[in-house]
Peer 1: 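Structure provided below as structure tokens; questions to follow.
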Protein chains: 2
Amino acid sequence: MKDRTNKVTIYDIAQKLGLSASTVSRALQNNPLINEETRLKVQEMATEMGYVPNWIASSLRKKRSNIIGLIVPRTSMYFQSTAISGIQHEAHKYGFSIMIGQSDETVAMEKELVHTFYSLRVDGLLAVSSMFTTNTDHFNPFVKNNIPIVFYDRVPSDFNGYTITGDDYQGGYLATEHLIRQGCKRIAHFSGILTCNLYQQRLAGYKAALAAYDIPFDESMVYVHDLTMQSAANAAQEIFSKSVLPDGLFTANDSSAVAFIQEAKKQGIQVPGQIKVVGYSNDLSSRIISPSLSTIEQSGYNMGQKAASTIIQLINQDEGIKVPKNYVFPVELIQRESSTS
Amino acid sequence: MKDRTNKVTIYDIAQKLGLSASTVSRALQNNPLINEETRLKVQEMATEMGYVPNWIASSLRKKRSNIIGLIVPRTSMYFQSTAISGIQHEAHKYGFSIMIGQSDETVAMEKELVHTFYSLRVDGLLAVSSMFTTNTDHFNPFVKNNIPIVFYDRVPSDFNGYTITGDDYQGGYLATEHLIRQGCKRIAHFSGILTCNLYQQRLAGYKAALAAYDIPFDESMVYVHDLTMQSAANAAQEIFSKSVLPDGLFTANDSSAVAFIQEAKKQGIQVPGQIKVVGYSNDLSSRIISPSLSTIEQSGYNMGQKAASTIIQLINQDEGIKVPKNYVFPVELIQRESSTS
DNA sequence: ATGCATTTATCAACCGTTTAACAGCTATCA
DNA sequence: TGATAGCTGTTAAACGGTTGATAAATGCAT
């Protein structure tokens with residue numbers, strides 16, 4: 001290892017100015033104990049010498065890292081990346097940095113990230129659980145040590161702390177109701193794994209809408225899989241092989257709707273002519289596919305911002321401000337070609 | 001602030017076992033100075049007490065953080081997010097964590113991130129420069145202190161350190177040559193800002209292919225903008241307003257090609273019938289749009305892996321291994337509907 | 001019993017910053 | 001004069017590990 005110890009410390013500054021290190025430290029933090037003149041002298045010298053505070057030393061001493069850990073299934077999902085932007089901008093405003101880890105939708109990786117973040121002594125943890133996370137056991141180090149956790153978007157079912165979610169029930173309801181109003185009578189549903197709150201809620205909304213319009217719920221119309229394009233294509237083939245087709249489809253994400261539409265094209269099945277489709281998330285791809293995809297918008301950027309501001313409030317223990325425990329973002333139906341005639 | 005000082009330290013373990021802290025420290029690191037028996041006893045007690053090493057204290061002492069800073073324009077670009085996955089997986093293998101910052105394509109934010117990462121004492125910096133970065137001045141803290149930097153994908157033109165790039169010249173050449181072979185004679189080009197090496201190279205490849213097939217280069221066929229969908233749509237309108245249309249278009253990214261195709265559809269112009277289009281990057285969207293988009297694949301995951309392994313070698317100063325200074329990844333033409341008849 | 005090497009574990013300094021406690025100095029007032 | 005207060009700045013002990021120097025304990029040969 002090369003020697004990289006040539007960094008400027010407060011001692012170097014102190015020595016040059018004939019002061020003590022603590023005075024320098026205070027001056028740099030605009031501590032009122034230090035008078036104007038010395039403060040300016042110190043700050044000038046600091047910039048002149050190219051001093052950059054050693055964040056590591058400071059966090060060790062202050063027992064505070066100003067880092068927020070972030071666990072997401074993957075950054076490449078459109079919703080996730082917009083949420084990350086929201087988080088990052090909000091965190092930056094308050095002087096926090098964020099450290100991102102991808103769980104790749106596995107519990108094992110999630111556990112490892114929790115461990116790493118704990119070891120890094122992050123001040124708080126922001127997480128979107130993996131599709132296969134059924135409980136919060138592996139988040140124990142944080143729970144036990146009272147380090148704030150906020151789950152957003154996907155929340156493990158046994159978690160009873162702070163959450164920021166979209167109104168998934170309402171989203172499922174709106175999407176399904178829209179299809180019904182467009183004349184659909186046989187509406188299929190692509191759902192994600194049902195251990196995940198999100199998909200439970202979207203399914204519940206779907207069922208509720210059917211019930212509200214006196215359409216009997218048919219278990220066999222619900223296709224549960226991991227919502228990848230591949231799985232969706234398989235489910236589509238299964239549907240097309242049946243004697244009687246559905247006339248509507250509500251999918252719990254956009255990419256499975258996209259895969260469905262592509263598969264339908266291959267089979268010469270008309271969307272929206274024969275089957276109307278509504279997706280979820282308002283991904284970029286929903287505007288690119290043709291027919292353009294009707295979907296549910298759930299403002300990822302805002303959810304990210306809210307998640308960040310919530311965890312920061314928890315970290316700072318802003319007693320004055322009441323931090324809502326379960327914040328739900330409204331959703332909006334975006335009507336496009338895939339569901340309208 | 002709540003008191004969160006209830007964490008287990010090596011001193012707690014030492015006390016319980018009647019040992020000294022240093023023995024515990026050594027035992028936990030499998031230092032051969034400590035005998036088998038004590039080592040096991042210590043490790044057992046550590047897990048029993050739920051000890052997690054304080055990474056901050058350890059990096060302060062060791063002057064090594066095992067964190068790699070990563071600066072990208074934004075995580076939401078498909079290529080970037082695949083590269084990030086590659087980086088993260090590779091880093092994880094070697095016990096490094098990565099810290100991601102988004103520059104939002106601004107030099108100011110880039111500068112701030114450099115500062116933050118320097119303050120965090122990251123062991124190395126991985127960066128994709130913003131579109132508007134013309135030099136490396138603001139990366140000075142790293143350069144001056146001999147902290148390794150590796151640029152990948154987009155590289156500032158004055159940087160003469162380690163780089164990992166796709167073969168952009170070749171990509172531009174392949175795309176253009178393909179269009180020519182498909183019969184195009186008047187080929188337009190959407191380029192990104194030309195201070196960026198990437199776009200320079202793609203343009204150079206475009207020119208070279210034209211020259212190789214004796215097609216005169218026409219300055220007015222090159223549209224330079226920021227390659228957002230909006231800008232591409234504007235450029236498309238400009239093209240459509242002209243009396244004579246191009247018969248081919250090579251765009252330096254996929255989303256501008258997608259925007260162009262959508263605009264063409266609106267105007268009733270046939271792709272590939274009247275204009276054949278080739279994009280760049282093999283984004284997800286290139287498979288979703290119809291007609292599906294021909295494009296250049298530049299394996300982001302592998303580039304990310306390579307970038308990570310390179311910086312780790314530099315950090316570790318693996319003298320034995322020769323680290324190539326400018327690694328270039330081959331690119332591949334993906335032919336789809338948008339350019340074939 | 002003595003000397004010497006080897007194994008095993010401890011001591012104490014250190015990383016760079018923060019901060020409680022304290023000290024020196026000047027000014028003010030009884 | 002001495003007591004009190006207000007500024008300004010210093011000392012030294014943390015924070016939680018790591019590690020070179022050192023000591024204690026043991027074995028073994030003489």
Side-chain angles (χ1 to χ4, degrees), chain A residues 1 3-43 45-46 49-67 118-123 145, chain B residues 1 3-43 45-46 49-67 118-123 145:
Chain A
M1 281 268 302
D3 185 29
R4 304 203 193 88
T5 51
N6 51 346
K7 310 229 168 81
V8 184
T9 74
I10 49 168
Y11 283 90
D12 301 328
I13 300 176
Q15 203 177 18
K16 280 242 172 162
L17 293 169
L19 291 172
S20 76
S22 38
T23 303
V24 172
S25 170
R26 288 202 171 94
L28 291 172
Q29 305 171 63
N30 297 318
N31 186 312
L33 285 181
I34 305 300
N35 84 359
E36 188 70 10
E37 204 188 341
T38 356
R39 212 196 68 212
L40 288 174
K41 231 172 28 192
V42 169
Q43 295 183 342
M45 181 58 83
M49 297 178 72
Y51 169 78
V52 177
N54 184 323
W55 167 92
I56 294 178
S58 144
S59 357
L60 175 60
R61 177 60 228 247
K62 293 200 297 192
K63 286 176 160 255
R64 169 143 179 171
S65 65
N66 270 43
I67 291 182
Y118 180 72
S119 173
L120 276 167
R121 300 300 192 261
V122 297
D123 291 336
N145 289 287
Chain B
M1 283 265 305
D3 185 30
R4 304 204 192 87
T5 51
N6 52 346
K7 309 231 168 79
V8 185
T9 74
I10 49 169
Y11 285 89
D12 301 329
I13 300 176
Q15 201 178 18
K16 278 242 171 160
L17 293 169
L19 291 172
S20 76
S22 38
T23 304
V24 172
S25 170
R26 289 201 169 93
L28 291 172
Q29 305 172 63
N30 297 318
N31 186 312
L33 284 182
I34 305 300
N35 87 353
E36 188 70 10
E37 203 187 340
T38 3
R39 212 196 68 212
L40 288 174
K41 231 174 25 192
V42 168
Q43 295 183 341
M45 181 57 83
M49 297 176 73
Y51 170 78
V52 177
N54 184 322
W55 167 93
I56 294 179
S58 137
S59 358
L60 176 59
R61 177 61 227 248
K62 293 200 295 192
K63 288 179 158 250
R64 169 147 180 167
S65 66
N66 269 44
I67 292 182
Y118 179 71
S119 173
L120 276 167
R121 301 298 192 262
V122 297
D123 291 335
N145 290 287

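Every chain is numbered from 1 and lettered A, B, ... according to where its sequence line falls, protein lines coming before strand lines.
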Peer 1: Taking only N and O in the side chain of Lys63(B), is any of them less than 4.0 Å away from OP1 or OP2 of dG16(C)?
Peer 2: yes
Peer 1: Would you say Leu40(A) and Met45(A) make side-chain contact, with heavy atoms under 4.5 Å?
Peer 2: no
Peer 1: Restricting to non-hydrogen atoms, name the atom on Pro53(B) and the atom on Ser119(A) that form the minimum distance, rounded to 0.1 Å.
Peer 2: O-OG, 3.0 Å
Peer 1: Step by step, work out the side chain to side chain contact (heavy atoms under 4.5 Å, CB included) result for Leu120(B) and Ile56(A).
Peer 2: CA-CA 6 Å; Leu120(B) 276 167; Ile56(A) 294 178; 5.8 Å; no
Peer 1: For Gln43(B) versus Ala27(B), what's the shortest heavy-atom pair and its separation?
Peer 2: NE2-O, 3.2 Å
Peer 1: Report the distance from atom CG of Asn30(B) to atom P of dT18(D), rounded to the nearest whole Å.
Peer 2: 12 Å
Peer 1: Tell me if a side-chain donor or acceptor on Ser58(B) pairs with a main-chain N or O of Asn54(B) at a distance below 3.5 Å.
Peer 2: no
Peer 1: Quick one: Ile13(B) CD1 to dT10(C) P, roughly how many Å, whole number?
Peer 2: 14 Å
Peer 1: Reckon Ser25(A) touches a base, only the sugar-phosphate, or nothing at all at heavy-atom distances under 4.0 Å?
Peer 2: base
Peer 1: Below 3.5 Å is the cut-off: list the nitrogen or oxygen pairs between protein and nucleotides 7-12 of chain D, distance only.
Peer 2:
residue	atom	partner	partner atom	Å
dG9(D)	OP1	Thr38(A)	OG1	3.4
dG9(D)	OP2	Thr38(A)	OG1	3.1
dT10(D)	OP2	Ser20(A)	N	3.2
dT10(D)	OP2	Ser20(A)	OG	2.9
dT10(D)	OP2	Thr23(A)	OG1	2.3
dT10(D)	O4	Arg26(A)	NH1	2.8
dT11(D)	O4	Ser22(A)	OG	3.2

Peer 1: Measure the distance from CG on Asn31(B) to C1' on dA21(D) and round it to the nearest whole Å.
Peer 2: 15 Å
Peer 1: Quick check: closest heavy atoms across Val122(B) and Ser65(B), and the distance to 0.1 Å?
Peer 2: CA-OG, 3.5 Å
Peer 1: Rounded to whole angstrom units, what separation is found between the NZ atom of Lys62(B) and the C1' atom of dT19(D)?
Peer 2: 11 Å
Peer 1: Rounded to whole Å, how long is the line connecting atom CG of Leu28(B) with atom P of dG17(D)?
Peer 2: 9 Å
Peer 1: Taking atom C1' of dA13(C) as reference, at what distance in whole Å does atom CG of Leu60(B) sit?
Peer 2: 13 Å
Peer 1: Could you check how far CD1 of Ile56(A) sits from P of dG16(D), rounded to whole Å?
Peer 2: 16 Å
Peer 1: Might you list the N or O atoms of the protein lying below 3.5 Å from N or O atoms in nucleotides 22-26 of chain D, with each pair's distance?
Peer 2:
none

Peer 1: Considering only residues two or more places apart or on different chains, which pairs with a residue in residues 15-37 of chain B satisfy salt bridge (charged side-chain N to carboxylate O under 4.0 Å, His left out)?
Peer 2: Glu36(B)-Arg39(B)
Peer 1: Is a donor from one side chain sitting under 3.5 angstrom from an acceptor on the other, for Thr23(A) and Ser20(A)?
Peer 2: yes
Peer 1: Within this structure, what is the CG-to-C1' distance between Leu120(B) and dG16(C), rounded to whole angstrom?
Peer 2: 15 Å
Peer 1: Are a donor atom and an acceptor atom from the side chains of Asn145(A) and Tyr118(A) found within less than 3.5 Å of each other?
Peer 2: yes
